[in-house]
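Nothing here was measured: the structure is a model prediction, and the numbers come from that model.
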Amino acid sequence: MSNSVNLLIALQALRVNKLRSVLTMLGIVIGVAAVIAMIAIGGGAQQRVQEQIASLGSNLLIVIPGSVIQSGARLGLGNAQTLTESDYKAIQMEIPEVQVAAPVSRGNAQVVYGNTNWATSINGVYNDYFEAREWNLTEGRFFDQGEISRFGKVAIIGKTVASQLFGEDTPIGEVVRIRGIPFEIIGVADGKGQSGMGQDQDDVIFVPLTTGRNRLFGEPRGRIARVGTILVKANNGADTKYVEDRVTDLLRQRHRIRPTMENDFQVRNLSEILKTQEAASRVMSMLLAAVASVSLLVGGIGIMNIMLVSVTERTREIGLRLAVGARSKDIMTQFLVEAMTLSTIGGGIGVLLGVGISLLVAWLASWNISLSLLSIVLAVGFSATIGIFFGYYPAKTAAQMQPIAALRYE
């Protein structure tokens, strides 16, 4: 018999017991839907981590000050003022693997424009900061050297601040007041979105570091030029772990830290941290897909059970076909086609259900998903393979029947 005839016979056999066929397909439907949904949601999680890596900048390390002890209590990292501008210059000059180093001082303030105000973060930076973060402008320009050296009252604002203070209007050339001091807006930074900690990276105003130190953060001009953090961007292709070790050794030497003493700073390798997060996300996606695949195996076992029942019910039919000249190969092919048809139809329904669940999750939870045609094709192909694998034993049992014994079966 041709494959088309076998398919028609298979569909007719499935229609005879509709409810049983539907219940048998249910395991395959749930398994395929779960696999597609888990792969889509897990892929979305990986994509989100990759977007966070891209938003932070590649090959990036952050040097933060150490902790201080007050009344016997350690106040945590970042409370000591142990980093200076000379540290960042030394990192830039003495470590060849460093593309750029950028000092940052941070504060918070209420920003006023007309009758509108907004509380945001104020970052004192040099232009190297934007290179380190791979952060471009959508409008305006960066700071010029004169504005940096003369404590210029100019600012570059993030997209969130621009939206809150100016709406759809262009902010370039407008003047805002930060802690009562007027600042001219000279640029708008491109959107970065949320950080890995869920913070809005665009809710920020950048001013020249010298301006922030001397006009906003309350540091006297004669004091050593302290900085809050130092960003270090390694060259493309450089081993960030090696650069991390070099930065650590250099700062220990500059800060005269003895071998037995702890560092008064900490170097955080963001590339390594985010790679770990991405790997964890990938493993979790694989785990969820593997768990979902168990439903496919359960569905396959259900197909085997039903096909064995079908073989038993149709024993006399099998004997009659063998008696009139059908070959064992024809009987085996017929039952394999039935099993594969059952699993393939279930796989197709499961694909539709899985895509629907993925889109529903994306809509309700505002979660990124990653639907790939390859995963859908693999899921359907795997479901058809399940049908062949678990349908083989019932088909072989039917094909090995003796015609006389089958015709005598009651």
Might you point out which heavy atoms bring A40 and S358 nearest each other, and give the distance in Å? CB-OG, 3.5 Å
For the atom pair CG (N235) and CD1 (I95), what is the distance rounded to the nearest 0.5 Å? 11.0 Å
The test is side chain to side chain contact (heavy atoms under 4.5 Å, CB included); show your working for V29 and L353 and say whether it passes. CA-CA 8 Å; V29 170; L353 182 61; 4.1 Å; yes
For N123 and V125, indicate whether the former's side chain and the latter's backbone hold a donor-acceptor pair under 3.5 Å. no
N/O donor-acceptor pair under 3.5 Å between S343 side chain and M340 backbone: yes
Would you mind reporting whether L165 and P171 have side-chain heavy atoms less than 4.5 Å apart? no
If you round to the nearest 0.5 Å, how far is CG of N263 from OG1 of T82? 9.5 Å
Verify whether one side chain among R133 and Q201 offers a donor that lies under 3.5 Å from an acceptor in the other. yes
Any idea which heavy atoms bring V243 and A234 closest together, and the distance? CG2-CB, 4.0 Å
Counting neighbours of CD on Q253 that are heavy atoms of other residues, nucleotides or ligands and sit closer than 6.0 Å, is the number greater than 12? no
Value rounded to 0.5 Å, distance of CD1 in I122 from CD1 in I157: 10.5 Å
Stepwise, does the side chain to side chain contact (heavy atoms under 4.5 Å, CB included) test hold for E184 with K153? CA-CA 6 Å; E184 179 187 354; K153 292 180 288 186; over 6 Å; no
Between E134 and K233, does any side-chain N to carboxylate O distance fall below 4.0 Å? yes
For the student: nearest non-hydrogen atoms of V227 and P103, plus distance: CG1-CB, 3.6 Å
I want to check something: taking the side chain as every heavy atom from C-beta on, are F183 and V207 in contact at a cut-off of under 4.5 Å? yes
Using a distance-only test with no angle check, is there a side-chain donor-acceptor pair under 3.5 angstrom linking T170 and E139? yes
Would you say the side-chain atoms of T248 pair up with the backbone N or O of E244, donor to acceptor, closer than 3.5 Å? yes
Applying ring pair (Phe, Tyr, Trp, His ring centres under 6.0 Å), which residue pairs with at least one partner in residues 237-263 are found, sequence neighbours left out? H255-F265
Which residue is it: D200, D203, D202? I am looking for the one with a side chain to side chain donor-acceptor pair (under 3.5 Å) to T160. D200
Check: R258 and R252 side chains under 4.5 Å, non-hydrogen atoms: no
Could you tell me if T229 and R106 have a donor-acceptor pair between their side chains, going purely by distance under 3.5 Å? yes
Does W135 have its ring centroid less than 6.0 Å away from the ring centroid of F142? no
Report the residues that fulfil salt bridge (Lys or Arg N to Asp or Glu O under 4.0 Å) with E97, sequence neighbours left out, ordered by chain and then residue number. R246
Does E147 offer a backbone N or O that forms a donor-acceptor pair with the side chain of D144 under 3.5 Å? yes
Between T138 and N136, a side-chain donor and acceptor under 3.5 Å: no
For G350 and V32, which heavy atoms make the closest approach, and how far apart are they? C-CG1, 3.7 Å
Could you check whether any side-chain N or O of T240 sits under 3.5 Å from a backbone N or O of N59, counting only pairs where one atom can act as donor and the other as acceptor? no
If you define the side chain from C-beta out and look only at heavy atoms, does anything of Q164 sit under 4.5 Å from T116? no
In Å, rounded to the nearest 0.5 Å, how long is the span from CD of Q266 to CG of L251? 12.5 Å
For the side chain to side chain contact (heavy atoms under 4.5 Å, CB included) test, which of I230, N269, I91 pairs with V247? I91
Pairwise side-chain contact, V232 with V100, heavy-atom cut-off 4.5 Å (strictly under): no
What's the verdict on side chain to side chain contact (heavy atoms under 4.5 Å, CB included) for L61 and L231, showing C-alpha distance, side-chain angles and the deciding distance? CA-CA 6 Å; L61 298 89; L231 301 186; over 6 Å; no
Could you list the residues that satisfy side chain to side chain donor-acceptor pair (under 3.5 Å) with E85, not counting sequence neighbours? Y126, R213
Heavy-atom side-chain proximity of I178 to I205 below 4.5 angstrom: yes
Report yes if the side chains of Y113 and V175 come closer than 4.5 Å at any heavy-atom pair, otherwise no. no
Going from CZ on R177 to CD on Q110, what distance comes out if it is rounded to the nearest 0.5 angstrom? 14.0 Å
Note: I28 and G347 closest approach over all heavy atoms is CG2-N, 3.6 Å
Under the ring pair (Phe, Tyr, Trp, His ring centres under 6.0 Å) rule, what pairs show up with a residue in residues 300-324, not counting sequence neighbours? none
Between G191 and K159 the two heavy atoms that sit nearest each other are N-CD, 3.1 Å
If the condition is ring pair (Phe, Tyr, Trp, His ring centres under 6.0 Å), which residues does F143 pass it with, not counting sequence neighbours? none
To the nearest 0.5 angstrom, please state how far the CD1 atom of I257 sits from the OG1 atom of T260. 11.0 Å
Verify side chain to side chain donor-acceptor pair (under 3.5 Å) between S86 and R254, making sure each step is shown before the conclusion. CA-CA 10 Å; S86 60; R254 289 184 52 80; 2.9 Å; yes
After noting the C-alpha distance and the side-chain angles of L209 and I148, does the key distance pass the side chain to side chain contact (heavy atoms under 4.5 Å, CB included) rule? CA-CA 7 Å; L209 180 58; I148 293 173; over 6 Å; no
With Q92 via side chain to side chain donor-acceptor pair (under 3.5 Å) - residues at least two apart: none
Is there a side-chain contact between I172 and V188 in this structure, where contact means two heavy atoms from C-beta onward sitting under 4.5 Å apart? yes
